[in-house]
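Structure record follows, encoded as structure tokens.
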Amino acid sequence: MGRFSFLRSHWSVFCALCIIGLLNNFPWSYSTIPRDEIGENLRSAHPGLADYSRFCDVKSLPGVKIVKVNETVPHEQELSDLAEKLDVRAGGQWNPSSCRSLYQSVIVVPYRRRPDQLKIFVKHMHNFLSQQGLEYSIVIVNQADEELFNRGALLNVGFLETEKILGSDKKNPSRCYVFHDVDLLPENLGNIYACTRQPRHMSVAVSSLRYTLPYPDIVGGALAVAVDQFRVVNGFPVSYAGWGGEDDDLGRRFKAAGLSVERFEADVSRYRMLVHKKAVPGEARFKQASLSEGLSSLKYSVLSVQKTALYTQINVDLSSS
Ligand code: UDP
Ligand code: MN
């Protein structure tokens, strides 16, 4: 009997174990920003704000600080009490009261008919973000027509409409957009919701995917992008109707534009995904869209804009194109 006799006699068991291991937990190699370099990376991504002493920086949150995720649906009263307690401005805007924040972030959420998830989301996010010392706002972009859901188009609308409202800020040209699914709840306060030097894929470790990155090029779920970077790639493609494809296409656009995608470490980038039925994959998900479609080609009409206590909701009709 040689050294590998066990393998020879049990090779099928061995192969099965390897395959199971690969499918479940293979740690795809991807680079991350070390935790102690996060602060410096964030600051250097905002060169227009060189005089840091005049601003308040984000709270330094070294190490892992896990926050509890509460999945019970809050009542309306609880939500309005929360807005009052945290001093959230109408439309879902918040800023630190004692100093001007270095970072201004807009959380844009593509949305249609998930009212319970929306309540859980806005409660969790305000509790979470108001501890990070950022200036932020939450914008929900609701697809009001009955066409196939179009995540890319909705996120583009959220970007364009918010830029119209906020206008360009010469003092802070690096406004940060965080494109964020409604069912993802960050679990670690060290996951700062501001833009780093390159676009940052934030939802690295998601509960529904066993907290493992499914493939290295993924940028879906939650993604932080600075205004100028999003404009350079013409935003999301808009012809991926139905589930899937638009996020991978944006990832290709970043590469083509010479941008690389950054990540924080997996234990910082942890998210709980609220349970939902898996959508039927869209027929268009494997195509490759032309760069000419995106922010510049988007046709839509805004039906109304509602400012609630915890968020701004843009109701949009995408079918009018
Ligand atoms: N979404 C929505 N209503 C829908 C479909 C999608 O609000 O009918 C939004 C919601 O923000 C959701 C995101 O689009 O989190 C991505 O869709 P989904 O959660 O189905 O994708 P998956 O988690 O399967 O990638
Ligand atoms: Mn989901």
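Indexing begins at 1, ligand by ligand and atom by atom, following the structure's order.
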Would you kindly say whether [X] and [Y] are connected by a side-chain donor-acceptor distance under 3.5 Å?
{"X": "Asn95", "Y": "Ser101", "value": "no"}
{"X": "Tyr177", "Y": "Glu163", "value": "yes"}
{"X": "Ser304", "Y": "Asn315", "value": "yes"}

Is it true that Arg253 and Asp249 make a salt bridge, defined as a side-chain N closer than 4.0 Å to a carboxylate O?
yes

Is a salt bridge present between Arg151 and Asp181, judged by a nitrogen-to-oxygen distance below 4.0 Å?
yes

List the steps, then state whether side chain to side chain contact (heavy atoms under 4.5 Å, CB included) holds for Phe159 with Val227.
CA-CA 9 Å; Phe159 174 84; Val227 169; 4.0 Å; yes

Quick check: Pro110 and ligand 1, any N/O pair under 3.5 Å apart?
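Checking ligand 1 against Pro110, an N or O pair does fall under 3.5 Å apart.
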
Quick check: His276 and ligand 1, any N/O pair under 3.5 Å apart?
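Min N/O separation from ligand 1 is below 3.5 Å for His276.
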
So His180 and Tyr193, would you call those rings parallel, tilted or perpendicular, with 30° and 60° as cut-offs?
parallel

Would you mind finding which of Arg114, Lys278, Arg151 brings a heavy atom closest to atom 20 (O) of ligand 1?
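Looking at heavy atoms only, the winner is Arg114.
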
Could you tell me the residue and atom name of the protein heavy atom closest to [atom], and the distance to it rounded to 0.1 Å?
{"atom": "atom 8 (O) of ligand 1", "answer": "Arg112 O, 3.6 Å"}
{"atom": "atom 14 (O) of ligand 1", "answer": "Phe149 CE2, 3.4 Å"}
{"atom": "atom 16 (C) of ligand 1", "answer": "Asp181 OD2, 3.4 Å"}
{"atom": "atom 22 (P) of ligand 1", "answer": "Trp243 NE1, 3.4 Å"}

For ligand 1, which atoms sit closer than 4.0 Å to a heavy atom of [X]?
{"X": "Tyr111", "answer": "7 (O)"}
{"X": "Met273", "answer": "23 (O)"}
{"X": "Asp183", "answer": "15 (O), 19 (O)"}

Does any N, O or S atom in Asp183 come within less than 2.8 Å of the Mn ion (ligand 2)?
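Short answer: yes, at least one N, O or S atom is under the cut-off.
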
Are His201 and Tyr30 an aromatic pair by the rule of ring centers under 6.0 Å?
no

